[in-house]
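First comes the structure, then the notes that go with it.
Here is the naming used below: chain letters follow the sequence lines, and residue numbers restart at 1 for every chain.
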Amino acid sequence: MPELPDVEGFRDVLDSCGTGRRVEKVEVADAGVLRGVSAARLRRALEGRRLAAPERRGKYLILRTDGDAAVLLHFGMTGRLLCCSPGEPAHRYDRVRFGLTGGRDLRYQDQRKLQGLRLADDEAAVERALAGQGPDALSLDREPFLDLLAGRRARIKTVLMDQSVLAGLGNLLADEILWRARVHPARPADRLSAEEGRHLYGAMRQVLRLSVRAGRVPGRPSWLTGHREGRERTCPRCSTSLGSIRVSGRTTVFCPHCQPRQVGPTARRPRRAGGDPPGASHRRNG
DNA sequence: AGTAGATCCTGGCGGC
DNA sequence: TGCCGCCAGGATCTAC
């Protein structure tokens with residue numbers, strides 16, 4: 001399910017495939033992915049335009065042109081963006097095809113069509129469309145991050161996944177970050193200690209850095225994400241059987257041993273002079 | 001300010 | 001084998 005790292009990967013695809021090239025043809029195979037725009041209007045806005053450098057904000061990808069118009073792409077749960085040659089046979093879930101000069105094809109694929117494409121007529125429309133987004137998780141500094149948590153009574157996982165608070169994190173990333181920071185997903189955000197807040201921020205930085213580099217959330221053995229499915233659902237850190245609860249309607253996987261619901265006074269937490277990296281796996285390097 | 005639940009959407013899977 | 005219903009989840013909506 002595309003989260004910030006995946007969308008960052010799609011931005012790379014769009015940039016290397018499209019930037020500087022002209023849109024020759026826009027083909028909408030399934031108008032079910034168009035939000036508030038018709039296929040004809042999308043064509044008129046894009047055909048003949050040259051693509052400019054794309055931008056990502058949270059889980060949105062902004063396709064910019066040398067004109068006023070921009071297209072906002074959201075990938076929902078199953079969306080993808082591919083660069084291929086025009087001769088490549090259409091995939092079943094190709095929803096929109098952008099034929100570019102230089103023999104390049106950009107294809108927006110999406111099986112479930114939960115989100116889709118929006119057209120923004122100008123820069124002001126882009127800003128309006130994204131006005132509800134919180135700061136991007138990748139570029140947020142620690143102090144503002146801690147400030148975001150401070151005033152919120154909601155469960156910490158709900159806060160992390162709320163795009164109007166913090167943009168970019170989805171279900172898998174939120175679980176991974178909480179597991180690395182050893183914070184139970186149902187703890188109220190404003191009840192975390194300062195130390196836990198710092199660990200959470202550190203885990204977020206680390207998880208984002210590694211996943212952006214990989215272009216997705218890696219399902220490696222040392223990551224919680226690698227243990228969500230299948231029979232062997234045990235914690236990669238302590239081998240305890242993983243717990244599964246629902247938080248804000250989302251399946252939430254956590255380790256009952258590493259992420260206790262009730263925590264004692266801060267003073268009881270072991271102090272480490274050097275300070276372990278918050279997400280450091282004690283078994284092997286991820 | 002917070003929650004739950006429905007909605008959209010498709011395919012995979014368990015149960016019968 | 002085939003049909004039914006559930007589940008997955010990102011965003012958005014209503015109801016409480």
**Item:** Flag, side chain of A:E8 to backbone of A:K59, donor-acceptor distance under 3.5 Å
**Value:** no
**Message:** Side chain of A:R95, heavy atoms from C-beta onward: which of B:dT3, B:dT10, C:dG9 has the nearest atom to it?
**Reply:** B:dT10
**Prompt:** So what does A:Q163 touch, heavy atoms closer than 4.0 Å: a base, only the sugar-phosphate, or nothing?
**Reply:** sugar-phosphate
**Asked** Between B:dT3, C:dA11, C:dG9, which one does the side chain of A:L114 approach most closely?
**Response** C:dG9
**Item:** Gap between atoms CD and P, on A:Q109 and B:dT10 respectively (whole Å)
**Value:** 15 Å
**Request:** Using whole Å, report how far CG of A:L172 lies from P of C:dG10.
**Result:** 7 Å
**Distance test, side-chain N/O of A:Q111 to OP1/OP2 of B:dC9, below 4.0 Å** = no
**Message:** Less than 4.0 angstrom between a side-chain N/O of A:K59 and OP1 or OP2 of C:dA11, yes or no?
**Reply:** yes
**Message:** Taking the two cysteines A:C83 and A:C17, do their sulfur (SG) atoms come closer than 2.5 angstrom to each other?
**Reply:** yes
**Request:** Select from A:R118 and A:G249 the residue whose nearest nucleotide in DNA chain C is closer to the 5' end of that strand.
**Result:** A:G249
**Prompt:** Is it true that a side-chain atom of A:D110 and a backbone atom of A:G79 form a donor plus acceptor pair closer than 3.5 Å?
**Reply:** yes
**Item:** Any A:R112 side-chain nitrogen or oxygen under 4.0 Å from OP1 or OP2 of C:dA11
**Value:** no
**Complete:** Taken to the nearest whole Å, CG/A:L160 to C1'/C:dG9 is 17 Å
**Message:** Does a side-chain N or O of A:H74 approach OP1 or OP2 of C:dA11 to a distance below 4.0 Å, or not?
**Reply:** yes
**Asked** Using a cut-off of 4.0 Å on non-hydrogen atoms, how would the nucleic acid contact of A:Y93 be classed: base, sugar-phosphate, or nothing?
**Response** sugar-phosphate
**Prompt:** What is the distance from CG of A:L4 to P of C:dA11, rounded to the nearest Å?
**Reply:** 11 Å
**Complete:** Between A:R250 and A:V247, whichever has its closest DNA chain B nucleotide further toward 5' is A:V247
**Prompt:** Is the backbone N or O of A:P86 less than 3.5 Å from a side-chain atom of A:R104, with the two atoms forming a donor-acceptor pair by type?
**Reply:** no
**Request:** Rounded off to whole Å, could you give me the CE-to-C1' distance for the A:M77 and B:dC8 pair?
**Result:** 13 Å
**Asked** Roughly how many Å is it from CG in A:L73 to P in C:dA11, rounded to a whole number?
**Response** 14 Å
**Cationic tip of A:R180 above A:W223 ring, under 6.0 Å, 45° of axis** = yes
**Request:** Look at the side-chain N and O atoms of A:R35 and state whether any lies under 4.0 Å from the OP1 or OP2 oxygen of C:dA11.
**Result:** no
**Prompt:** Closer than 4.0 Å, any side-chain N/O of A:R155 to the OP1 or OP2 of B:dA4?
**Reply:** yes
**Message:** With side-chain hydrogen bond (donor to acceptor under 3.5 Å, both in side chains) as the criterion, how do A:T251 and A:R246 come out once you've worked through the C-alpha distance, each side chain's angles and the decisive distance to 0.1 Å?
**Reply:** CA-CA 5 Å; A:T251 301; A:R246 288 186 84 77; 3.3 Å; yes
**Asked** Reckon A:R153 touches a base, only the sugar-phosphate, or nothing at all at heavy-atom distances under 4.0 Å?
**Response** sugar-phosphate
**Message:** Could you check whether the side chain of A:R152 and the base of B:dA1 have a donor-acceptor pair of N or O atoms closer than 3.5 Å, going by distance alone?
**Reply:** no
**Message:** Under 4.0 Å from OP1 or OP2 of C:dG9: is there any side-chain N or O of A:T251 that close?
**Reply:** yes
**Request:** Give a yes/no answer on whether the side chain of A:K113 brings an N or O atom under 4.0 Å of OP1 or OP2 in B:dT10.
**Result:** yes
**Fill in**
Rounded to whole Å, CG of A:L166 lies from P of C:dA11 at a distance of 12 Å
**Asked** Rounded to whole angstroms, how far apart are CG on A:D110 and P on C:dA11?
**Response** 13 Å
